[in-house]
Protein chains: 2
Amino acid sequence: MSVTIYDIAKEAGVSIATVSRVFNNSNNVSEKSRTKILQLAKKMGYHPQAMAQGLARKKSKLISLIVPVMSNYFFMEVLEGIQEKIGDSDFDLNIYNVKLSDDIFEQVEYSVKRGMAEGYVIISVHFTEKQWNELKKYDVPITLVDEYSAEFDSVSVDSIDGAYNATQYFIEQGYQRIAMISALSRSKPTQDRVSGYKRALEDAGRFALSELIVAGDSTARDGFTEKNGYEAMIKLLSLPEHPDACFCNSDIQAIGAIKAMQDHGIYIPIIGYDDIQFSDFFGLSTMRQPMREMGEMAIEKILNRINNPGGKISHTVYAPELVLRSSTLSPAAMAEKSARFKEKNSGKPVLY
Amino acid sequence: MSVTIYDIAKEAGVSIATVSRVFNNSNNVSEKSRTKILQLAKKMGYHPQAMAQGLARKKSKLISLIVPVMSNYFFMEVLEGIQEKIGDSDFDLNIYNVKLSDDIFEQVEYSVKRGMAEGYVIISVHFTEKQWNELKKYDVPITLVDEYSAEFDSVSVDSIDGAYNATQYFIEQGYQRIAMISALSRSKPTQDRVSGYKRALEDAGRFALSELIVAGDSTARDGFTEKNGYEAMIKLLSLPEHPDACFCNSDIQAIGAIKAMQDHGIYIPIIGYDDIQFSDFFGLSTMRQPMREMGEMAIEKILNRINNPGGKISHTVYAPELVLRSSTLSPAAMAEKSARFKEKNSGKPVLY
DNA sequence: CTGAAAGCGCTTACAG
DNA sequence: CTGAAAGCGCTTACAG
């Protein structure tokens, strides 16, 4: 039996209203009452219960994050921005993890309609306009991250654009057989990136060859794994005529792809997508998504929406930025670098 | 204004009790009423509010995870086990993220005493017995992960033992100057691992040399980063006489350490700690912690505790397991492997 | 500065 | 199968 406001009131010889005032920092309480109540509360282990407070106030001071697959680099970095920003507010964070095995819409809808939080930040969930529209009826503040819908505030990155630019970079450098490592076709970002890749080739008067667009066979995390990237690169290198450059759907896959190149002793320049922490460390060139900023922006939007439910809907679309590191060195430059490396390492490491 | 049970009752021409029954799957409702209510609810966007339900039932059907630094490999893997297990129950998950910058005890206490959840799984939080004891007064189900206290159910891994065994392995293999890459000394697991390392040396009649126990200078995530591992290994390799083997505080640091070895052209066998997903991929030998199992066990314990608050407190301590991969090859074996590798790769990759 | 009372949106015996 | 009513633990005008 946990202790309630009544227990404290009784013990302190005051009404529950006074106890409540103490915990709500109302200044209309005598110093004497306040001290006594606080002391009693401490001793008896009392604190207002979140649920009762929420009901009485009709406010929970909670923001809910709704996200599938938490163990994902994109989410981890977005989360850091979110935490940073929410720390400045008086809201608490709550994370609701959607299971990919079940009906995703149902889970999101359930979570939203229960009304546990004052606002919802929905990350990397992709619905049809019709579905998003259906959520509208619960009349709850929602901000979308990594997705776009006319119905809600959103912050996203132009994936098509990013893929386009990465591919265009290779075209400008004179590469002829530019491959793309994709992922499961059900992944929305992957679809967009494939579109951007194709468009860049077409705008350059070339054709996208289906044999050069491959994914690995691993399906975990929609293919966003090292393993999947490794498998994909193996396929590419097994082609009668292998590609001379590769745009890769994600950094995590690119890391696997690089390992495949090493195992096969073939090197082609590669550009990843995301710019996760590993990438800089491993010298991977990539299309950088401003993940932290996206997280911060999302909190800013949801807070605005909570304070001003009628405000105009706003969309922020970031343009990804090409970050060049050593993985885009030309084969010649790479050979030279490798030679230097091997000289230094004669008879030594090269682990995996 | 969101729609409540009263709106539905009125519209359906029944009492709120009947509406409530429909949503609680009580079978004492005529098919006619049920259909009408469900249909109305769907149309009007009604669903029982979590807070009101929680208050009335005195149950939230929520388990709260309390964790510092979410973006951490250990946590990610534990989380997968947790999600797996909780999916089989009718509880929802809720994650409360502790900020390392503020008073941790205060945050944990706050979160627990607000009573939002029915049970709390506290991960990688390290307090004194006195502090844990203080939490006892809120009389709430709590399970500890990666920590031990007599007061609460817990699931942990014997870090001392793990470090001992890793070190002992190197001793048995005949290595003479076995180094250890540690991390920030405020990290509890790190303290334990250093103890185990020292003890193994001492039990073999040797001394732990302080110059051989080093951490990098990066303080992010308590030193559990590639960068920190890289820095640490650089220090070790800069020693007048460098070590001939290395036990490393975490896999993530070990990956950085390996890169440092490659950059320096010096190879020594290394054993990491954790067995994160990358490790298998990169051929890193490691002390494996059964992270998924730990997550599953934690949920099992908290559920038991919720159902049976008076039950006997139980502690599960896993013994970590040494997983040998290519990073513990002897220098000779490694040299041979490298030679083969280089032959295959003549004039080719070796990225970063 | 303080208390009595209404209300937040539900659930759940109890009685029929 | 259904409704009236009490109760969950708070907050917050209102009146003093």
Side-chain angles (χ1 to χ4, degrees), chain A residues 1-38 40-41 44-62 90 110 113-118 138-140, chain B residues 1-38 40-41 44-62 90 110 113-118 138-140:
Chain A
M1 211 75 235
S2 61
V3 9
T4 72
I5 197 172
Y6 295 97
D7 302 320
I8 302 294
K10 192 183 210 176
E11 202 72 22
V14 298
S15 74
I16 60 164
T18 299
V19 177
S20 175
R21 285 188 187 102
V22 168
F23 282 91
N24 287 289
N25 296 313
S26 160
N27 37 12
N28 293 328
V29 182
S30 70
E31 203 43 55
K32 191 172 154 233
S33 299
R34 177 186 308 280
T35 314
K36 182 158 196 178
I37 288 168
L38 249 20
L40 238 32
M44 302 169 68
Y46 168 76
H47 190 273
Q49 289 183 29
M51 305 233 130
Q53 273 190 320
L55 184 57
R57 285 186 186 147
K58 305 194 72 174
K59 293 196 178 184
S60 60
K61 282 295 160 195
L62 229 46
D90 57 342
Y110 172 74
K113 71 186 178 187
R114 292 179 75 216
M116 184 73 101
E118 289 184 59
Y138 297 109
D139 194 23
V140 139
Chain B
M1 211 72 234
S2 60
V3 10
T4 72
I5 198 171
Y6 295 96
D7 302 318
I8 301 294
K10 191 184 212 174
E11 202 71 23
V14 298
S15 74
I16 61 163
T18 299
V19 177
S20 176
R21 284 189 189 103
V22 169
F23 282 92
N24 287 288
N25 295 314
S26 161
N27 37 12
N28 293 329
V29 183
S30 69
E31 204 42 57
K32 192 172 154 233
S33 298
R34 177 186 308 280
T35 313
K36 183 160 196 175
I37 288 167
L38 248 21
L40 238 31
M44 301 170 68
Y46 170 75
H47 190 274
Q49 290 184 27
M51 306 232 128
Q53 272 190 321
L55 183 57
R57 287 187 184 145
K58 306 194 71 175
K59 293 195 177 182
S60 61
K61 283 295 160 192
L62 231 45
D90 56 343
Y110 172 75
K113 71 186 178 186
R114 292 178 75 216
M116 183 73 101
E118 288 185 60
Y138 297 110
D139 194 23
V140 138

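Everything numeric in this text was worked out from a predicted model, so none of it was measured. Labels below follow one simple rule: chain letters A, B, ... track the order of the sequence lines, proteins then strands, and each chain is numbered from 1.
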About how many Å separate [atom2] of [Y] and [atom1] of [X], when rounded to the nearest 0.5 Å?
X        : Y        : atom1 : atom2 : answer
Met51(B) : Lys58(A) : CE    : NZ    : 13.0 Å
Arg34(A) : Asn28(A) : CZ    : CG    : 9.5 Å
Lys32(B) : Ile37(B) : NZ    : CD1   : 11.0 Å
Ser60(A) : Gln49(B) : OG    : CD    : 10.5 Å

Nearest-neighbour nucleotide for the Pro48(B) side chain, dT11(C), dG9(D), dC10(D) considered: dT11(C)
Nucleotide of dC1(D), dT11(C), dT2(C) approaching Ile5(B) most closely (side-chain heavy atoms): dT11(C)
Contact nearer the 5' end of DNA chain C, comparing Tyr6(A) with Val29(A): Val29(A)
Sugar-phosphate only, base, or nothing, as touched by Phe23(A) at under 4.0 Å among non-hydrogen atoms: nothing
Taking only the side-chain nitrogens and oxygens of [X], find out if one of them lies under 4.0 Å from OP1 or OP2 of [N].
X        : N       : result
Ser15(A) : dG3(C)  : yes
Lys58(A) : dG9(C)  : yes
Thr4(A)  : dC8(D)  : no
Tyr46(A) : dC10(D) : yes
Ser33(A) : dC1(C)  : no

Separation between the C1' atoms of dG16(C) and dT12(C), rounded to whole Å: 16 Å
Tell me the interatomic distance from [X], atom [atom1], to [N], atom [atom2], rounded to whole angstroms.
X         : N       : atom1 : atom2 : answer
Lys10(B)  : dG3(D)  : NZ    : P     : 16 Å
Arg114(A) : dT11(C) : CZ    : P     : 11 Å
Lys61(B)  : dC10(C) : NZ    : P     : 19 Å
Lys36(B)  : dC1(D)  : NZ    : P     : 17 Å
Gln53(A)  : dC8(C)  : CD    : C1'   : 13 Å
Asp7(B)   : dC10(C) : CG    : C1'   : 13 Å
Ile37(B)  : dG3(D)  : CD1   : C1'   : 12 Å

Pairing residues for Arg114(B) by the salt bridge (charged side-chain N to carboxylate O under 4.0 Å, His left out) criterion, not counting sequence neighbours: Asp92(A)
Which protein N or O atoms sit under 3.5 Å from an N or O of nucleotides 12-16 of chain D?
| from | atom 1 | to | atom 2 | distance (Å) |
| --- | --- | --- | --- | --- |
| dA13(D) | N6 | Arg21(A) | NH2 | 3.3 |

Dot-bracket encoding of pairs in DNA chain D, which uses [ ] for pseudoknotted crossings and | for another strand, Watson-Crick or G-U under 3.5 angstrom: |||.||||||||.|||
Nearest heavy-atom pair of [X] and [Y]: which atoms, and what distance?
X        : Y         : result
Leu62(B) : Met116(B) : CD2-O, 4.0 Å
Ile16(A) : Ile5(A)   : O-CD1, 3.5 Å
Ala41(B) : Ile8(B)   : CA-CD1, 3.9 Å
Lys61(A) : Glu118(A) : N-OE2, 2.6 Å

